[in-house]
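Order of listing sets the numbers, starting from 1, for every ligand and every atom in it.
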Amino acid sequence: MLRRLAKGFITEIAKKIYRKTIFRLFSDFEKIRRVCLFVSLQSGWKNCIKVKFMDISAIREDFPLLKEKVNGKPLIYLDNAATTQKPDKVIAAIDYYYRHQNANVHRGVHTLSQTATDLFETVRGKVCKFMNARESCEIVFTRGATEGLNLLAETLTQSIKTGDEILISESEHHSNIVPWQLAAQKRGLVIKVLPIDDEGMLRYDMLDELLGEKTKIVSVAHVSNSLGVVNDVKAVFSKVRNKCGKEVRTIVDGAQGIVHRKVDVQDMDCDFYCFSAHKLYAPMGIGVVCGKQELWENMPPYQGGGEMIKDVDFSGTTFNVPPYRFEAGTPAVADVAGLGAALDYLETIGLDDIFAHENVIMEYAQERLSNTKGVKVYAAKAPKAGSLSFNVEGLHPFDVGTLLDQMGVAIRTGHHCAQPVMKHFDIPGTARASFALYTTKEEIYTFVNALERVIKMLA
Ligand code: PMP
C-alpha cells in the first residue's frame with residue numbers, strides 16, 4: 001500500500017516536471033521562431049529559402065475576441081468548427097460598408113448603389129478565384145451552407161423521376177440529410193446511405209453496390225464536422241462518373257472543407273460546392289453555392305422575389321440569368337464585404353502555411369489526448385482536418401464541456417448535428433475540440449491539462 005502511494009506520488013511529480021519542461025520548450029521554440037521570422041523578414045531570406053513562419057502571436061492580435069476572458073480565465077477557443085472568430089479587417093469592412101457604402105445593389109443608377117454593386121460583384125470574383133471556379137457567375141450567394149443545400153435539394157429534384165435515388169453518406173451533417181429527405185418525401189425519391197467504418201471513413205468499397213441506373217444525385221461532405229474526417233470526394237465522384245455517367249449531379253457540403261483544405265472545384269470535378277462564410281473567418285448569414293454555369297442555366301429558381309426576374313406579368317414571369325436567378329431579394333451586402341475581407345486576409349497569410357500549422361496542431365492534440373488516461377479519440381487513424389472528437393470513459397461529454405468552460409476552455413459537446421454518426425458509435429454524443437489558424441500548441445497543452453483536472457474531479 002505504502003509502496004503504491006509512493007509510486008503514485010513520484011509519478012505525479014515526474015509528470016509535473018515533464019509538463020513544465022515541455023512548456024518551457026514551447027516558450028523557447030516560440031522565441032526561436034520569432035527571431036527566425038524577424039531575421040528572415042529583414043534579410044529577404046524568406047523568399048530564398050521558401051520557408052515562411054506564421055507569426056501566430058501577431059495573427060492572434062488581429063482577432064479581438066481572443067483577448068476576452070471567460071469565467072475569469074483567458075479564453076481558449078476550441079469551437080472553431082461551429083464558427084470561427086473574426087479578424088479586425090473583417091469587422092472593419094462591415095463597419096466601413098455601413099458608414100460609407102450602404103445602398104441596395106443592382107437597382108440604382110445613383111453612385112452609392114453602383115459602389116455597393118461593384119463591391120458585391122468584386123467579392124463574387126474573389127470567391128470564384130478562391131475556389132478556382134471558371135466564371136464568377138458560377139458563384140451564388142446564399143445565407144449559408146444550409147440554405148445552399150436546401151436550394152439544391154429543392155431545385156435539382158424537380159426534374160427527376162419518382163423512384164430515382166439520392167446517395168448521401170452516414171457521416172453527413174443534418175443539413176445534408178434533411179433537405180434531401182424533404183425533397184424525397186415530396187417527389188417520391190429514395191435516399192441511399194453510404195456507410196462509414198469504425199474509423200469514420202467512408203466505405204468507398206460499397207460505392208459499386210450503391211450506385212446504379214437510378215442514382216441521380218450524390219452529395220457528400222468534404223470534411224465531416226462531427227469527426228473531422230477528410231473524405232476523398234474526388235475519388236467518390238470519379239467512381240460516380242465511371243459508373244453512372246455525366247448526368248448524375250455531384251455535390252460537396254464544404255462547410256468544414258473550405259476552411260482546412262485548398263478547394264479547386266475544377267480538379268474535384270464536382271457540380272456544386274456549398275459553404276458558410278462564418279466558418280471561414282467571415283460574417284454569419286452569408287454563404288456560397290459554387291456550381292457549373294451550364295447547370296445553373298437550366299435550373300428553376302429556388303425563391304421568387306425581386307432581382308431574380310427578367311419580366312413579370314400577371315400572365316407569367318420570366319427569370320433572370322444565373323447567378324441572379326438564385327438570389328431573390330436584397331442580399332446581405334455588408335456580409336459579402338466581410339467575406340471579401342476574410343478572403344484577402346487569408347491570402348495575405350497564405351493557405352499553405354495555415355494548413356501546415358493546423359496539421360501540426362491536429363497531430364499534437366491527437367497525441368496528447370490519446371495519451372490521456374480514460375480518453376477515447378474517435379477516427380484516430382483517419383485523415384482529419386480541423387476537428388477532433390473524443391469521450392472520457394464513464395463521463396458524459398456535457399459534464400466535461402461544462403467544467404472545461406469554467407476553466408476558460410470552449411469546446412463543443414453533443415451530437416454536432418450528426419446524429420447518425422453518434423448512432424453508428426452507439427454514443428449520445430462526443431466532446432469536440434476544433435482548431436483554427438490562430439490555435440496554438442500552448443492552448444492545446446492548457447486544454448489537455450484542464451481536461452486531466454476535470455477527469456480527476458469527476459472520477
Ligand atoms: N455542413 C457541415 C459539415 C457543417 O459543419 C455545418 C455547420 N456546422 C453545416 C453543414 C451547416 O452550416 P450552417 O449552419 O452555417 O448553414
Quiz item: For S238, which residues count as a side-chain contact (heavy atoms from CB on, under 4.5 Å) partner, sequence neighbours excluded?
Solution: N242
Quiz item: How would you list all residue pairs meeting side chain to side chain donor-acceptor pair (under 3.5 Å) that involve residues 133-142, not counting sequence neighbours?
Solution: none
Self-check item: Result of checking Y324, F326, Y302 against W296 for ring-ring contact (aromatic ring centres under 6.0 Å, His included)
Solution: F326
Exercise. Run through ligand 1 for me and note each protein residue having a heavy atom under 4.0 Å from it, chain first, then residue number.
Key: A145, T146, H173, S175, N225, D253, A255, Q256, S276, H278, K279
Exercise. Verify the ring-centre separation between F425 and Y378: is it less than 6.0 angstrom?
Key: yes
Quiz item: With sequence neighbours left out, what residues match V360 under side-chain contact (heavy atoms from CB on, under 4.5 Å)?
Solution: K441
Quiz item: Parallel, tilted or perpendicular: which describes the rings of H396 and F398, with under 30° parallel and over 60° perpendicular?
Solution: perpendicular
